[in-house]
Amino acid sequence: MYDVTIVGCGVVGASLAYTLSQYRLRVLVLERENDVSMGTTKANSAIVHSGIDCKPGTLMSEMNVRGNELMEPLSKELDFEFRRNGSLIVCFSEEDRPKLEALYEQGIANKIPDIRILDAHEVHEMEPNLSEEVVAAIYCPTGGIVCPFGLN
């Protein structure tokens, strides 16, 4: 008899199992593949998103931001590689600037720390290999990357 059954052992399932292992619970993890991280986790882009693109006020936005916050301490505790390299969401035309600004406001509503809009000069200073057509970008310093296999 188990107290908790976790279906799937990707990043979320393995993290949940790890967290629950710190309590006096009998935990069962079920995985249909022959190894961990072979489902959705295997197909992901290894990006630890800031949470800017989630609809404000949703559980998804809350969990995305919270998961981002937890990644760095978890990487130290479990000794896996995590790099908080930030992310840029670029805008290629003045006509699209209102969409960029709306996304920025969504990030503010989601409480993404330290996001800001960069002008073309600031963007190219940060990333000189970007197209000269870039007119602005949102910089999310909390964005990062992780190897999902190292995490599991």
Side-chain angles (χ1 to χ4, degrees), residues 4 6-20 29-152:
V4 177
I6 300 168
V7 179
C9 196
V11 169
V12 173
S15 298
L16 182 57
Y18 171 72
T19 300
L20 292 176
V29 179
L30 300 174
E31 173 55 57
R32 74 176 167 196
E33 301 294 340
N34 62 354
D35 200 357
V36 299
S37 297
M38 298 298 289
T40 303
T41 292
K42 179 181 179 183
N44 81 20
S45 59
I47 296 172
V48 178
H49 294 277
S50 65
I52 194 170
D53 55 345
C54 300
K55 182 179 175 186
T58 62
L59 182 60
M60 179 71 152
S61 91
E62 182 183 335
M63 293 296 104
N64 206 313
V65 173
R66 182 69 178 133
N68 181 294
E69 291 170 358
L70 293 172
M71 191 58 70
E72 193 164 357
L74 187 64
S75 73
K76 290 178 178 148
E77 188 174 340
L78 297 180
D79 192 29
F80 63 85
E81 190 173 351
F82 167 65
R83 187 178 319 151
R84 195 172 292 288
N85 56 344
S87 62
L88 289 170
I89 302 165
V90 296
C91 178
F92 290 96
S93 71
E94 288 299 332
E95 295 82 39
D96 287 335
R97 193 181 286 262
K99 293 177 190 170
L100 187 79
E101 290 171 358
L103 188 58
Y104 171 80
E105 291 302 325
Q106 184 169 294
I108 295 296
N110 285 340
K111 300 180 180 130
I112 309 302
D114 304 320
I115 64 170
R116 63 185 197 270
I117 294 181
L118 306 176
D119 63 28
H121 176 75
E122 293 170 308
V123 174
H124 288 107
E125 207 170 74
M126 183 177 283
E127 182 47 70
N129 295 315
L130 283 175
S131 167
E132 288 300 317
E133 294 177 27
V134 172
V135 296
I138 298 172
Y139 175 55
C140 302
T142 59
I145 54 175
V146 64
C147 174
F149 300 99
L151 175 56
N152 276 350

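Computed from a prediction, not measured in an experiment: that's the story for all the values here.
- With sequence neighbours excluded, the residues satisfying salt bridge (Lys or Arg N to Asp or Glu O under 4.0 Å) with K99 are D96.
- Surrounding CE of M126 are more than 12 heavy atoms belonging to other residues, nucleotides or ligands, all under 6.0 Å away.
- Judged by distance alone, with hydrogens and angles left aside, the side-chain atoms of H49 form no donor-acceptor pair with the main-chain N or O of G144 at under 3.5 Å.
- Atom CD of E81 has 12 or fewer neighbouring heavy atoms from other residues, nucleotides or ligands inside a 6.0 Å radius.
- Counting all heavy atoms, side chain and backbone alike, I108 lies closest to I115 at N-CD1, 3.8 Å.
- At least one donor-acceptor pair closer than 3.5 Å links the side chain of R84 to the backbone N or O of T142.
- With hydrogens and angles ignored, the 3.5 Å screen pairs no side-chain donor or acceptor of E133 with any backbone N or O of S93.
- Here the shortest heavy-atom pairing between Y139 and G86 reads CE1-CA, 4.1 Å.
- Scanning for salt bridge (Lys or Arg N to Asp or Glu O under 4.0 Å) contacts around E127 gives an empty result, with sequence neighbours left out.
- The two atoms that bring Y104 and I138 nearest to each other are N-CD1, 3.5 Å, heavy atoms only.
- Judged by distance alone, the side chain of N110 and the main-chain N or O of I112 form no donor-acceptor pair under 3.5 Å.
- Considering only heavy atoms from C-beta on, L88 stays 4.5 Å or farther from V134 through its side chain.
- A pairwise comparison of heavy atoms in L100 and C91 identifies CD2-CB, 3.9 Å as the closest pair.
- If you take CG on D114 and CZ on R116, they are separated by 8.5 Å, rounding to the nearest 0.5 Å.
- Counting all heavy atoms, side chain and backbone alike, V146 lies closest to F82 at CB-CD1, 4.2 Å.
- Summarising the local packing, CZ of R83 is surrounded by 12 or fewer heavy atoms from other residues, nucleotides or ligands at distances under 6.0 Å.
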